[in-house]
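Written out below as structure tokens is the structure these notes cover.
Numbers here are sequence positions counted from 1. Everything numeric in this text was worked out from a predicted model, so none of it was measured.
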Amino acid sequence: MEKKTYYISVGAGEILEPEDVTGNFEFEISATEEEVDKLQELFEDKEIDEEDTAVRALTPYREYHNDPENDAYDWTLVEIYKMLHELGTPDTRKHIE
């Protein structure tokens, strides 16, 4: 499959094509449609994990290190950055490292 350039905003969970970029992105990657679909799934998982951590935050007696909701969020975020590092330009890789 042919790779195309995409611009990524992790915080917003956005994958932008060059014609959609308005300057608000953090990383540049080169990816196939299949890879972009997988990244989009990770962003969707991150959104669900964020909602779970927000609910968990209302429970004051639970410690962060004993918290499966935060563990899930952390794992998803690490997977996103691994994928961005793998698909990223040299500048993207350097920034992540």
Sub-4.5 Å side-chain heavy-atom contact between [X] and [Y]:
X: D74; Y: L77; result: no
X: V10; Y: Y81; result: yes
X: T32; Y: V36; result: no
X: Q40; Y: I15; result: yes
X: M83; Y: E35; result: yes
X: L39; Y: I80; result: yes
X: L87; Y: K3; result: yes

Discussion item. Within this structure, what is the CD-CE distance for the pair E34 and M1, rounded to the nearest 0.5 Å?
Written reply: 6.5 Å

Practice prompt. Any chance you could measure K94, atom NZ, to H85, atom NE2, to the nearest 0.5 Å?
Written response: 12.5 Å

Discussion item. Counting neighbours of CD on E17 that are heavy atoms of other residues, nucleotides or ligands and sit closer than 6.0 Å, is the number greater than 12?
Written reply: yes

Worksheet item: Within a reach of under 6.0 Å around CD of E2, are more than 12 heavy atoms found that belong to other residues, nucleotides or ligands?
Response: no

Worksheet item: Residues in side-chain contact (heavy atoms from CB on, under 4.5 Å) with E79, at least two apart?
Response: L42, W75, K82

Item to complete: Take D45 and T76 through the test side-chain hydrogen bond (donor to acceptor under 3.5 Å, both in side chains) and record every step on the way to the result.
Response: CA-CA 7 Å; D45 290 346; T76 303; 5.4 Å; no

Discussion item. Salt bridge check, R93 against E86: does any charged N sit closer than 4.0 Å to a carboxylate O?
Written reply: no

Worksheet item: Step by step, would you call E14 with I8 a side chain to side chain contact (heavy atoms under 4.5 Å, CB included)?
Response: CA-CA 6 Å; E14 292 181 329; I8 310 300; over 6 Å; no

Worksheet item: Are Y6 and I96 joined in one hydrophobic group, where the rule is that I, L, V, M, F, W and Y side chains link up if heavy atoms are under 4.5 Å apart?
Response: yes

